[in-house]
Protein chains: 2
Amino acid sequence: MESCDRYAGLKLENQLCFPLYVCAKEVVRRYRPLLDELGITYTQYIALMALWEHRSLTMKELGSMLCLDSGTLTPLMKKLEEAGYVERCRDRDDERVLTVTVNEKGMELREKALSVPGEIASCIPLPVEDAITLARILRKMMADLCGEEQ
Amino acid sequence: MESCDRYAGLKLENQLCFPLYVCAKEVVRRYRPLLDELGITYTQYIALMALWEHRSLTMKELGSMLCLDSGTLTPLMKKLEEAGYVERCRDRDDERVLTVTVNEKGMELREKALSVPGEIASCIPLPVEDAITLARILRKMMADLCGEEQ
DNA sequence: ATCACTTCTATTGTATGCAATTCGATTGTA
DNA sequence: TACAATCGAATTGCATACAATAGAAGTGAT
């Protein structure tokens with residue numbers, strides 16, 4: 001049953017990470033045309049999801065929730081600010097801390113985004129049962145991979 | 001049981017793509033220190049896996065196997081050539097086609113990479129059963145997402 | 001209060017990724 | 001055989017990602 005090939009572990013077809021890597025890229029690619037209509041990218045979309053729910057978050061909180069470091073997050077938030085969706089301002093009590101807040105225009109974008117989850121679901125062919133299993137495993141995995149460093 | 005929140009579909013915690021995206025990034029990040037020792041990146045690693053197995057592949061074949069387009073693949077292969085692991089040459093019969101071939105030095109790298117899969121497995125906390133289920137679902141999903149365009 | 005230490009964000013440098021376009025080579029067809 | 005259409009890579013432009021570093025702002029122990 002098992003391959004006795006010395007190099008079996010180095011075959012693409014035996015990798016777990018490779019399909020993970022490909023699926024993630026491909027799914028994000030499916031978002032692109034939908035988010036183009038809103039004028040945002042996928043990374044901006046997930047950042048906005050966090051902000052839509054919490055209204056106001058520090059860079060550190062955002063980084064922790066999205067698993068992104070400041071090298072990615074800083075320019076990302078500057079762009080959302082330029083686009084007029086958020087405001088960035090330093091904390092009075094602690095000048096190191098930068099708090100990002102969604103404004104009215106940012107909250108309006110949420111309405112336009114309402115149809116996105118459904119459209120994505122319909123163009124990703126995955127049986128409901130598999131989707132549930134996948135979500136369970138990935139969420140646990142994400143917690144293990146991201147939680148340990150905090 | 002179900003949330004009646006109008007915006008439930010736009011919550012991070014209800015996304016399937018988000019943990020997929022995060023897990024893919026985090027797992028690739030786990031590869032980095034291991035591949036640093038070999039002097040290659042993750043994308044170069046998967047390209048080499050394909051080449052280690054097939055010795056010689058055209059850019060089109062590589063792009064199809066790895067789900068990467070020429071904008072990513074062309075500079076990637078040039079770097080592997082500069083590093084001395086592969087040779088790139090145009091097809092005699094069809095000058096449009098560029099064939100990439102691993103050379104001796106490239107094949108030697110395979111030996112050094114033998115320990116990588118095991119080391120990755122040991123630092124990704126996932127029960128065997130979940131790993132098997134995850135692999136099954138992701139492989140099917142990858143086929144659906146990447147196959148339809150060909 | 002001082003100074004080493006920690007924290008939080010920003011910056012720099014490198015490597016992807018992909019859409020859109022270009023360009024030379026090949027093919028199919030009248 | 002012209003020639004439009006197609007094909008396979010390469011190029012361009014933009015947006016991530018992250019490691020490493022910097023730098024300004026707090027903290028804590030003495």
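Note on naming: letters A, B, ... go to the chains in the order of the sequence lines (proteins, then strands), and numbering restarts at 1 for each one. This one's a predicted model, so the numbers in the text were calculated from it and none came from an experiment.
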Name the nucleic acid region contacted by B/Asp69, choosing base, sugar-phosphate or nothing; use a 4.0 angstrom heavy-atom cut-off, strictly under.
base
Candidates C/dA15, D/dA9, C/dA10 - which lies nearest the side chain of B/Thr41
C/dA15
Looking only at heavy atoms, which two atoms of A/Cys67 and B/Glu26 are closest? And how far apart?
CB-OE2, 4.3 Å
How many Å lie between OH on A/Tyr21 and P on C/dG17, as a whole number?
4 Å
Residue pair A/Phe18 / B/Ile46: nearest heavy atoms and the distance that separates them
CE1-CD1, 4.0 Å
Residue of the set B/Leu76, B/Leu57, B/Leu80, B/Leu62 for which side chain to side chain contact (heavy atoms under 4.5 Å, CB included) holds with B/Val100
B/Leu62
Taking CG from B/Asp36 and C1' from D/dA20, how many angstroms apart are they, rounded to a whole number?
12 Å
A/Leu68 has an atom CG; how far is it from atom P of C/dT9, in whole Å?
13 Å
Any N/O donor-acceptor pair, B/Thr74 side-chain to D/dA9 base, under 3.5 Å
no
Looking at A/Lys60, I'd like to know whether one of its side-chain N or O atoms comes within less than 4.0 Å of OP1 or OP2 on C/dA10.
no
Under 4.0 angstrom between A/Thr58 side-chain N/O and C/dC8 OP1 or OP2
no
Between A/Thr99 and B/Tyr42, the residue closer to the 5' end of DNA chain C by nearest nucleotide is A/Thr99
5' priority, DNA chain D, between A/Gly71 and B/Leu98 [closest heavy atom]:
B/Leu98
Minimum-distance nucleotide (side-chain atoms of B/Lys79 versus C/dA15, C/dC18, D/dT11)
C/dA15
Does A/Asp91 reach a base, just sugar-phosphate, or nothing at all? Heavy atoms under 4.0 Å.
nothing
Please check the phosphate of D/dT16 (OP1 and OP2 only) for any side-chain N or O of A/Gln44 closer than 4.0 Å.
yes
Are OP1 or OP2 of D/dG26 and a side-chain N or O of A/Arg92 less than 4.0 angstrom apart?
no
Please tell me which of the listed nucleotides, C/dC18, C/dT9, D/dA17, lies nearest to the side chain of A/Glu26?
C/dC18
Measure the distance from CZ on A/Arg88 to P on C/dC8 and round it to the nearest whole Å.
17 Å
OP1, OP2 of C/dA15 versus side-chain N and O of B/Arg29: anything below 4.0 Å?
no
Base of C/dA10, side chain of A/Ser70 - is there a donor-acceptor contact under 3.5 Å?
yes
Select one nucleotide: of D/dG26, D/dA10, C/dA25, the one nearest the side-chain heavy atoms of B/Glu95.
C/dA25
Between B/Met59 and B/Leu73, the two heavy atoms sitting closest are O-CD2, 3.5 Å
For A/Asp93 and A/Thr43, find the nucleotide of DNA chain D closest to each by heavy atoms; which residue's nucleotide sits nearer the 5' end?
A/Thr43
Mind calculating the distance between CZ (B/Arg32) and C1' (C/dT14) to the nearest angstrom?
11 Å
Would you mind reading off the distance between B/Leu35 atom CG and C/dT16 atom P, rounded to a whole angstrom?
11 Å
Could one point to a donor on the side chain of A/Arg96 or the base of C/dT7 with an acceptor on the other under 3.5 Å away?
yes
How close do B/Met107 and B/Trp52 get, heavy atom to heavy atom, and via which atoms?
SD-CD1, 3.8 Å
What is the separation between atom CG on A/Leu76 and atom C1' on D/dT16, rounded to the nearest whole Å?
8 Å
Whole-Å distance, B/Leu73 CG to C/dA15 C1', equals 14 Å
Please classify the nucleic acid contact of B/Glu61 as base, sugar-phosphate, or nothing, using heavy-atom distances under 4.0 Å.
nothing
Do the side-chain N and O atoms of A/Tyr7 and B/Glu111 include a donor-acceptor pair separated by under 3.5 angstrom?
yes
Contact class for B/Thr72 vs. all strands (heavy atom < 4.0 Å): base, sugar-phosphate, or nothing?
base
Scanning both residues in full, the closest heavy-atom pair of A/Glu61 with A/Thr58 reads OE1-N, 2.9 Å
Kindly point out which of D/dA10, C/dT26, D/dG26 is positioned nearest to the side chain of B/Met59?
D/dA10
